[in-house]
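Following: one structure in structure tokens, then a few remarks.
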Amino acid sequence: MTTYTEEEPLDLLGVGIGPFNLSLAALADGVPGLRTAFLEQRAGFRWHPGMMIESATLQVPFLADLVSLIDPTSPWSFLNYLRTRERLFPFYFAERFHILRAEYDAYCRWVSEELPSCRFGYRVDTVRWDAARDAFEVDFTRVGADGAEEGVGRLFARNVVLGVGTAPHVPAPLRPLAEDAAAPVWHSAHYLAHRAELLAADHVTVVGSGQSGAEVFLDLLRHRPAGREGLAWMARTPAFAPMEYSKLGLEHFTPDYTRYFHGLAEPVRDQLVPRQWQLHKGISAETLGEIHDELYRRSFDGGWPDVTLTPGLEVRTVEQSGGRLDLCVTHAQQGAEGRLATDAVVLATGYTERSVEHLIASVLPHIRGDLAGRPRIDESYRLVVDQAIGGSVFVQNAERHTHGVGAPDLGLAAWRSAVILNALTGEQTYPLPSQTAFTTFGLGASGRASEPTSAHLGDVRVG
């Protein structure tokens, strides 16, 4: 097994190459003299491959690419990607403001393959602070396309950024079966890999009321015979509700609102996030319309499709019985309990942030925590650490509790990357707009956050 070490510290090392760190890599490429590297253990860029349903589109406009909302002249813009592929005129005539998800994935893959700072097949194992070098010591393992370990190495970086993404969330009652390879219970993240098995099952239940659940349900519905659909769709929410997509409502995904949210007291922020679920957990009105249209077409002959749509249900337990799955469910509004027999289950139950504690174990004791024990994250997306750590640890899409519902939104990716780079360089490397919303959030002329106060900054250690 080979060993590799690069002694000269990088200015910034990224862990993970998803859309957010890829955005940062693309904008960092335009900063003269900045030395960066972004490491990813996979063999190449892949974005939600299990949900790459043929007709699925992004829920944000194509301008929410990796760079355009900060630097539309960047060579890494989506429009320049089309230019390099000689597809600008076809795109112009297609009149697509919301592009296909597969096209966004192809665009990101192009950027990741062209950027010299992106290194695939590198699994980061540990990140430690080396006081003597005044840099982070990053150990990694080279991984082949087949997953075999081929070598180890070490890099040094004055600053790091964690962008390891999210992992499928499975509710506790469903975990035993979801982890059983023989059980027909799969998270929507793996939908396409099991679509053939789901279409062959006599009855399929989809659990979850978000966009993923709606897309899976619609895809199954379109591919199953009329009158013999054998589908159930259930969710805990009181309705299959549309996502808030009004123009003023979307201003919650602006830098103005992000700054405003960051300046609120911690208890207020914690109360706000669950109340704003329709900003990010609802379903696009277009998808809801397509579902209703498909169901309506299947009623032309006077019959009703063999489909059950029930909101307000929560799955309590799941058991295998007689070759089928037996779901025990409760209805909160009725205070009632029932059972549903099905042959397969798709869990569109969302995602959770991947833990990085094993990567930064030695840094954990130095990270300041909030009143709930979560990491404090400053306005520039840096973990708040004590003076023993001389470098910055930035985070991507791990700050919903401090920056609000826009944390996972692709439309804020370029802006967050610019904020990080400006903090890194200590200057306005990328000029940022002073105002981004017509709405004034809170008292004042803009959504800018006030200076933090002790009302929302605890002094608890995370580790």
Side-chain angles (χ1 to χ4, degrees), residues 6-16 20-39 66-67 69-74 76 115-117 127-138 155-163 254-256 258-263 360 363 366-368 375-399 402-403 406-407 412-436 446-452 457:
E6 188 174 307
E7 296 289 344
E8 179 65 22
L10 297 160
D11 296 306
L12 178 67
L13 183 141
V15 182
F20 297 131
N21 260 358
L22 188 57
S23 166
L24 183 58
L27 287 176
D29 186 61
V31 182
L34 191 68
R35 298 182 65 249
T36 66
F38 293 81
L39 310 185
L66 302 173
V67 294
L69 288 174
I70 287 298
D71 183 10
T73 66
S74 168
W76 307 115
L115 275 175
S117 61
V127 177
R128 296 180 298 273
W129 177 250
D130 186 334
R133 285 180 176 266
D134 196 29
F136 289 99
E137 186 179 82
V138 181
L155 292 170
F156 298 94
R158 297 183 180 89
N159 306 279
V160 298
V161 55
L162 305 175
T254 59
D256 281 8
T258 301
R259 289 188 291 254
Y260 161 76
F261 185 91
H262 189 271
I360 59 172
V363 181
H366 304 285
I367 299 175
R368 299 296 184 179
R376 276 171 49 192
I377 301 170
D378 73 11
E379 197 172 19
S380 297
Y381 299 95
R382 284 178 295 212
L383 295 178
V384 178
V385 297
D386 59 35
Q387 294 181 351
I389 306 296
S392 293
V393 180
F394 297 95
V395 295
Q396 299 258 36
N397 191 15
E399 71 283 355
T402 57
H403 288 67
L412 282 170
W415 180 77
R416 176 170 49 200
S417 295
V419 170
I420 291 173
L421 287 171
N422 288 352
L424 189 70
T425 60
E427 56 188 48
Q428 288 295 303
T429 300
Y430 284 102
L432 300 175
S434 59
Q435 187 170 350
T436 55
S446 75
R448 294 174 183 163
S450 59
E451 287 297 314
L457 294 184

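- By the 4.5 Å heavy-atom criterion applied to side chains, W415 and T258 are counted as neighbours.
- A distance-only check finds no donor-acceptor pair linking the side chain of S380 to the backbone of R382 [under 3.5 Å].
- Considering V393, I377, I360, V384 as possible partners of I367, the one that fulfils the side chain to side chain contact (heavy atoms under 4.5 Å, CB included) test is I360.
- One finds the CG atom of L22 at 9.0 Å from the OG atom of S417 (value rounded to the nearest 0.5 Å).
- A search for salt bridge (Lys or Arg N to Asp or Glu O under 4.0 Å) contacts involving R128 returns E137, D139, not counting sequence neighbours.
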Would you please test L10 and V138 for side-chain contact (heavy atoms from CB on, under 4.5 Å) and show each step?
CA-CA 11 Å; L10 297 160; V138 181; over 6 Å; no

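- Considering CG of L421 and CZ of R416, their distance stands at 12.5 Å, rounded to 0.5 Å.
- Checked options L424, V161, L12, D29; the residue passing with T36 is L12 (criterion: side chain to side chain contact (heavy atoms under 4.5 Å, CB included)).
- Atom CD of E399 and atom CD of E379 lie 12.5 Å apart (nearest 0.5 Å).
- Using modelled atom types, no side-chain atom of D256 and backbone atom of Q435 make a donor-acceptor pair closer than 3.5 Å.
- In terms of heavy-atom proximity, L27 sits nearest to A414 at CD1-O, 3.5 Å.
- Heavy atoms only, all atoms of each residue included: S23 and A413 are closest at OG-O, 3.6 Å.
- Taking every heavy atom of both residues into account, G391 and V385 meet most closely at O-CG2, 4.5 Å.
- Residues passing the ring-ring contact (aromatic ring centres under 6.0 Å, His included) test with F38, sequence neighbours excluded: none.
- Between R35 and D11 there is no salt bridge, since no side-chain N of the basic residue sits under 4.0 Å from a carboxylate O of the acidic one.
- At distances below 3.5 Å, at least one donor-acceptor pair connects side-chain atoms of N422 with backbone N or O atoms of Y430.
- The CZ atom of R368 lies 14.0 Å from the CG atom of D378; values are rounded to the nearest 0.5 Å.
- Two residues are said to be in side-chain contact when any heavy atoms from C-beta on lie closer than 4.5 Å; L34 and T429 fail this criterion.
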Audit row: D134, R158, side-chain contact (heavy atoms from CB on, under 4.5 Å) steps and yes/no
CA-CA 7 Å; D134 196 29; R158 297 183 180 89; over 6 Å; no

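- Looking at residues two or more places apart in sequence or on another chain, you find a ring-ring contact (aromatic ring centres under 6.0 Å, His included) between F136 and W129.
- Atoms CZ and CD, on F156 and E8 in that order, are 11.0 Å from each other to the nearest 0.5 Å.
- Residue L432 comes nearest to A418 through the heavy atom pair CD2-CB, 3.7 Å, listed as atom of the first residue, atom of the second, then distance.
- Across V395 and I420, no two heavy atoms sit closer than the pair O-CD1, 4.4 Å.
- Atom CG in L66 sits 12.0 Å away from atom CG in D71 (nearest 0.5 Å).
- Here the shortest heavy-atom pairing between T402 and P375 reads CG2-O, 4.4 Å.
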